[in-house]
Number of protein chains: 2
Amino acid sequence: MDSKTKTRMTYQRQVILEELAKVTSHPTAYDLHKMVNKRLPKISLGTVYRNLELLSESNEIQRLDVSGHQRRFDANAKDHHHIRCIHCSRVDDLPIDTTSVLEDIVFRTSEYTVLGHKIEFYGICPECKVKEQKHQEKDDISKDKNKSKTRR
Amino acid sequence: MDSKTKTRMTYQRQVILEELAKVTSHPTAYDLHKMVNKRLPKISLGTVYRNLELLSESNEIQRLDVSGHQRRFDANAKDHHHIRCIHCSRVDDLPIDTTSVLEDIVFRTSEYTVLGHKIEFYGICPECKVKEQKHQEKDDISKDKNKSKTRR
DNA sequence: TCCTTATTAGTAATGATTACTATTACTAAT
DNA sequence: ATTAGTAATAGTAATCATTACTAATAAGGA
């Protein structure tokens, strides 16, 4: 179902992408709506949200779910880290690599005064892994009566 | 003004703290309200939110602003990292130290399948540092007519 | 016991995001 | 080009977490 739907490059989506690419400021959907609005006075906030979502799903842009703050977007789709000001919430890029010693590196690469950092890992918990396996088995049985090895 | 207000240890606050300490599940304010509700049937959700906020400000508990997800709370006030399941949103502790090689370590210490991680640093941006300095100078002038060295 | 005021319960408001719906406009096949 | 099918849109309503407001209550020191 998902694999059959084809996305169309609409003018709205084009403009959203262009406007996002123009800035390095990591705008929110609302910010971007204001920016795009100058070229497309009738575009709705919902359209901006939906397109940003689609674009980030197809990895053309990056979605920044900033802890405890409003979501932001980044035309740079390459994985990289960010730093946020606790006063004005401005978010800047950090061209560092994750495997190096952390705050020390930031101290050398950023003009921020680093107060701390948070790391959030994501993955699949043991319980969900079991569930996933069970579903997988069911699918295998219903889709194919032959025995099949459990995919990993 | 803030420094003059004295907080009172209310029964509600006591119970919230106790119930949070009982679990290791990182409940949301809503979860905690349900838990506390069994002992205090009249407590309101707002009270739970306010007390969790106060308790985390005084570092008696920890507030977890999980990126793009609902806020959670942790009776363990010591700084430590977490891992979240992308399916069920369950959050578990990660007893690792930040300075070590990241996902590799997680792989060894957690039963999760690690799919990735995000790091968010926080601090003060160059512009705000300048503003801070200016405010500081004003304060110094108004509070004290003698010259005073800029505090760092 | 009395007073001051922090705190509460209950409820309304806010603000970000998502959902809904009738209409519009791509795109491919006729 | 015309039509049919269906993404996508504008506009708006709904949702959901969190915060703000207010009159009543209750800590806790004098």
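In what follows, chains carry the letters A, B, and so on, assigned in the order in which the sequence lines appear, proteins first and then strands, with residues in each chain numbered from 1.
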Legend entry - Nucleotide D:dA10, atom P - distance to CG of A:L40 in whole Å: 8 Å

Inset, instruction - Nearest whole angstrom, please: distance from the P of D:dA17 to the CG of B:L64. - result: 17 Å

Inset, instruction - Look at the side-chain N and O atoms of A:R13 and state whether any lies under 4.0 Å from the OP1 or OP2 oxygen of D:dA8. - result: yes

Legend entry - Watson-Crick or G-U wobble partner of C:dT8, both distances under 3.5 Å: D:dA23

Inset, instruction - Would you kindly give the CZ-to-P distance between A:R71 and D:dA17, to the nearest whole Å? - result: 14 Å

Legend entry - Given DNA chain D, 5'-ward residue of the pair B:A29 and B:M9, judged by closest heavy atom: B:A29

Inset, instruction - Name the residue closer to the 5' end of DNA chain C, choosing between B:P41 and A:R63 according to the nucleotide with the nearest heavy atom. - result: B:P41

Legend entry - Length of the CG-C1' vector between B:D65 and C:dA16, whole Å: 15 Å

Legend entry - Members sharing A:L52's hydrophobic cluster (side chains within less than 4.5 Å): A:Y11, A:V15, A:I16, A:L17, A:L20, A:V23, A:L32, A:M35, A:V36, A:L40, A:I43, A:V48, A:L55, A:I61, A:F73

Legend entry - Nearest non-hydrogen partners of A:D65 and A:R63, listed with the distance: OD2-NH2, 2.8 Å

Inset, instruction - Only one of B:Q14, B:R13, B:Q12 passes side-chain hydrogen bond (donor to acceptor under 3.5 Å, both in side chains) with B:N51; say which it is. - result: B:R13

Inset, instruction - Report yes if at least one side-chain N or O of A:Q12 is closer than 4.0 Å to OP1 or OP2 of D:dA10; otherwise report no. - result: yes

Inset, instruction - Would you please confirm or rule out a distance under 4.0 Å between OP1 or OP2 of D:dA10 and any side-chain N or O of A:T47? - result: yes

Inset, instruction - Find the distance A:Q70:CD to D:dC16:P and express it as a whole number of Å. - result: 20 Å

Inset, instruction - Take the angle between the ring planes of A:H82 and A:H26 and call it parallel below 30°, perpendicular above 60°, tilted in between. - result: perpendicular

Inset, instruction - Could you check how far CG of A:L45 sits from P of D:dG11, rounded to whole Å? - result: 12 Å

Legend entry - Pairing partner of C:dT30 (Watson-Crick or G-U wobble, both distances under 3.5 Å): D:dA1

Inset, instruction - Could you state the atom-to-atom distance from CG of A:N51 to C1' of C:dC26 in whole Å? - result: 14 Å

Legend entry - Phosphate OP1/OP2 of C:dT17: any A:R72 side-chain N/O under 4.0 Å: no

Legend entry - Over all atoms of both residues, closest heavy-atom pair of B:A75 and B:A21: CB-CA, 3.7 Å

Inset, instruction - Give a yes/no answer on whether the side chain of A:K42 brings an N or O atom under 4.0 Å of OP1 or OP2 in D:dT9. - result: no

Inset, instruction - Consider the side chain of A:R50, meaning its heavy atoms from C-beta on, and name the nucleotide among D:dG11, D:dT9, D:dG28 that approaches it most closely. - result: D:dT9

Legend entry - Short side-chain N/O contact from A:T10 to OP1 or OP2 of D:dT9, under 4.0 Å: yes

Inset, instruction - Using atom OH of B:Y11 as one end and atom C1' of D:dT25 as the other, report the distance to the nearest whole Å. - result: 17 Å

Legend entry - Trace of the side-chain contact (heavy atoms from CB on, under 4.5 Å) decision for A:E19 with A:K38: CA-CA 10 Å; A:E19 292 300 315; A:K38 289 173 188 163; over 6 Å; no

Inset, instruction - Would you kindly check whether a donor in the side chain of B:R8 faces an acceptor in the base of C:dA6, or vice versa, at under 3.5 angstrom? - result: yes

Inset, instruction - Look at the side chain of A:I43 and decide which nucleotide, out of D:dT9, C:dT18, D:dA10, has an atom nearest to it. - result: D:dA10

Inset, instruction - Could you let me know what C:dT17 is paired to, Watson-Crick or G-U wobble, both distances under 3.5 Å, or none if it's on its own? - result: D:dA14

